[in-house]
Every structure is written in C-alpha cells, then in structure tokens.
Amino acid sequence: MFEERFKVRLASQKRAGLYRNPPEITKRQGKYIFLGNQKVLNFASNDYLGLGTSSVLQNKVAKNFKTYGTSSSSSRLVSGNFSAICRAEGEYAKYFGYEDALFFPSGYQANIGILTAFFDKGDTIIFDKHIHASSVKGMALSGARFMGYNHNSMKHLIKRLDAHRETETAVITESLFSMDGDFLDMEGFLKVKRQYGFLSIVDEAHALGALGEGGRGLGRSVADITVGTFGKALGLFGAFVLLPNKFKEYLFNFSSPLIYTTTLPEAHAVSAVDILEIIYKGDGLRAQLRDVSLLMRDGLKRAGLSVNGDAHIISVEIGNESRAVAVAGRLLDKGIFVLPARFPTVPVNKAILRVSMTALHTEEDVALFIDTLKEVISAVE
Ligand SMILES: Cc1ncc(COP(=O)(O)O)c(C=O)c1O
C-alpha cells in the first residue's frame with residue numbers, strides 16, 4: 001500500500017543523492033551548534049544579525065511572554081485580534097514605509113495566504129524562476145496561470161509580459177535571492193514595472209533587518225507588497241506582509257491560511273516591536289555582517305572556487321548532488337556545518353554549498369572555513 005510507495009520513493013531519493021535526514025542539534029551557542037557532543041561552527045543559519053541567540057532579545061521576549069501569556073488561543077477572525085498585534089502591525093508599516101502590515105504565523109503561510117487569496121483562474125502570474133518554494137506552491141494552489149522567467153533576466157520578463165498583455169498580471173520576485181544570494185536587478189525591474197504597470201510582490205525574507213538603511217531592505221521602490229520574515233535577521237519566528245490597507249482588508253476576508261489558523265500570541269507582537277528598536281540601532285551589526293561577508297566571498301574566489309552572492313548569502317557551486325553531500329559531510333567531520341542545497345531547492349545537477357554569514361562570524365572563522373573547504377574539495381575530487 002502506501003508504505004511500499006514511500007519505500008520506493010525514498011530509495012530513489014537516496015540513489016539520486018537527494019535524501020534528506022537533518023542532523024539533530026542538541027544545543028545552540030551563538031555561532032556554534034552542538035550535534036551530540038560535537039561543537040561545530042555554524043554557516044547554515046539565517047540568524048544574520050545574531051539576534052536569534054542574543055541574551056538581550058531573549059530577556060525581552062521572556063518578559064513579554066510572562067506579561068502577556070503564551071497563546072492567543074484563537075484565529076485573528078475569532079477572538080485573536082488583539083490590540084497589541086494591531087499596534088505592532090502599525091509600527092511595522094510605519095518603520096518600513098508602507099500603508100499597512102499584516103502578521104502571519106510563518107513566511108511559508110504568508111506567501112500561500114497572499115497568492116491563493118489574490119489570484120484565480122484567468123489571472124497571470126509571472127515569476128523569477130529562483131523564487132522560494134512557498135511562492136511556487138501558492139501560485140500552484142491559486143488556480144492562476146503562472147510562468148517563470150529566467151533568473152533576474154529583465155529581457156525574459158519583458159518577453160513574458162508582452163505575451164500576456166490581455167490579462168491583469170502580477171510579478172513575483174525576491175530582493176535578495178535565498179539560494180543564489182544575488183540581488184534583484186532593481187533598476188531594471190523598476191523600469192519594466194513603470195512600463196507595464198503590473199502588481200509586484202517582492203519577498204524580502206533575507207534582506208529585511210540585514211540590508212538597506214536602518215535594515216529596511218532593498219525593494220521599497222519596486223514593491224507593491226513585501227513579504228518579510230521574523231525568523232531570519234529579526235531573530236524571532238513568524239512573518240509580516242507590508243501592503244496597502246485595502247489588500248489587508250481583502251486578506252482578512254479571503255485568505256484561508258490567515259482565517260483558519262491560530263494567530264501568533266500578543267507576546268510575539270510586543271517582541272516584534274522590541275526588535276524594531278534593535279534593528280533601528282543595528283548599523284554596527286549590519287556593518288560587521290557586510291565586512292565579514294565580503295571577506296568570505298573574496299577569499300573563496302581567490303581560492304579558485306566558483307562563487308555567487310552579493311551579500312551575506314554566498315553560494316559555492318559544486319554541481320553533482322552526491323558530491324555536494326560528500327563535501328558537506330567532510331566539512332562537518334572537521335567541525336564546520338554548512339548546507340548542501342540540492343534539487344528541488346536548486347536545479348538538478350546544480351547543487352551548491354549555501355554559506356550563510358552572520359554578524360557573529362569573525363575573520364578567523366572565515367579563514368578556517370576557506371582553508372578547510374579547500375582541503376576537503378581536493379580530497380573529494
Ligand atoms: C525567500 C523566502 N521566503 C519565505 C520563506 C519562508 O519563511 P518562514 O521560514 O517564515 O516560513 C523563506 C524561508 O525559509 C524564504 O527563504
């Protein structure tokens with residue numbers, strides 16, 4: 001029955017080097033994690049500013065949970081629409097320069113919640129082929145026609161738009177791409193948007209907090225709607241969408257993943273406001289993140305590796321899936337934890353090591369990573 005099918009599919013995943021079996025982390029300590037008793041240097045975390053393990057934030061969040069309780073106990077649409085959440089959304093809208101904001105339990109849910117509510121049969125969605133899986137799933141569930149354009153190719157985007165002038169069109173992209181680590185061609189995108197007037201949804205999950213003036217991200221000039229997550233640079237969990245007020249009203253009425261889910265607790269919302277204060281004052285952390293990322297990128301290039309990435313996400317091309325797993329495995333043996341990203345996260349036979357830098361990393365960490373990677377890569381050749 002089902003078991004037989006599962007067994008066959010898992011065996012084929014293993015043969016293709018695509019089997020996933022995440023290691024169990026017993027403890028986290030700043031830039032280190034413990035796998036059992038082994039302490040390893042973590043290059044696979046999205047804790048870009050180090051807030052996820054900051055005792056300052058931990059104390060604030062603990063206090064908020066003590067004050068406001070542990071659960072909202074209801075959907076926003078039933079008895080979960082607390083003032084603390086509405087206030088926090090107002091603060092987020094103001095800080096990031098949008099008319100309104102709306103919190104979701106996760107970024108995955110936010111993308112599905114937006115796309116399934118907004119789009120329907122007869123609509124056209126055009127998307128960068130490298131956007132996150134949650135947006136791809138949201139498009140598929142919406143019933144709309146959706147087609148990809150080559151990664152960051154404005155020429156291909158225009159070709160797609162020209163072919164679909166007859167329907168209302170939305171375009172989905174990211175500002176800092178989550179796997180390649182490169183920036184959206186902001187100038188090019190803005191030019192095309194002005195010319196075609198589509199609705200743009202920009203996922204800034206990896207940019208907000210970490211990049212832009214005051215951590216406000218990169219996409220404000222091109223985005224009608226922005227998706228941000230609390231679980232990365234902001235050091236918490238959950239997500240927020242920055243959007244026009246009329247779209248928020250629409251989502252409250254038509255977004256199933258928002259209507260039929262328990263909202264995040266008040267303590268989360270109050271903590272989110274505390275985080276804004278930290279982000280506002282976070283120029284030092286952002287500078288450290290920028291410098292250490294640059295050091296890593298330049299060092300990897302000098303080591304002769306094929307490297308992509310404009311900021312704190314750096315992808316090292318490996319190609320073959322099994323080889324990427326082998327390289328990551330040997331790095332782990334030597335005390336370095338890094339993600340071998342494989343299909344379907346990236347295209348087939350284009351496996352990468354996704355190196356994720358944080359403000360906690362130092363020059364010595366970078367040197368250790370590069371030396372160890374060079375050694376491992378020549379051993380796995
Ligand atoms: C670009 C992008 N969007 C959305 C998400 C989903 O966010 P969350 O982890 O809050 O579900 C991710 C996360 O991993 C992401 O990389």
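Counting starts at 1 for both ligands and their atoms, following the listed order.
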Sole candidate of Leu77, Asn253, Val78 that passes side chain to side chain contact (heavy atoms under 4.5 Å, CB included) when paired with Ile259: Leu77
Output the distance between atom CE (Met154) and atom NZ (Lys191), rounded to the nearest 0.5 Å. 11.0 Å
Short side-chain donor-acceptor distance under 3.5 Å, Tyr98 and Thr226: yes
Are any of the side-chain nitrogens in Glu89 or Lys248 under 4.0 Å away from the carboxylate oxygens of its partner? yes
Enumerate the salt bridge (charged side-chain N to carboxylate O under 4.0 Å, His left out) contacts for residues 229-238, please, sequence neighbours excluded, ordered by first and then second residue. none
What residues come within 4.0 Å of ligand 1, counting heavy atoms only? Ser106, Gly107, Tyr108, Asn111, His132, Ser134, Glu174, Ser178, Asp203, Ala205, His206, Thr229, Lys232
With a distance cut-off below 6.0 Å to the six-membered ring centre and an angular limit of 45° from the axis, does Arg354 pair with Phe43 as a cation-pi contact? no
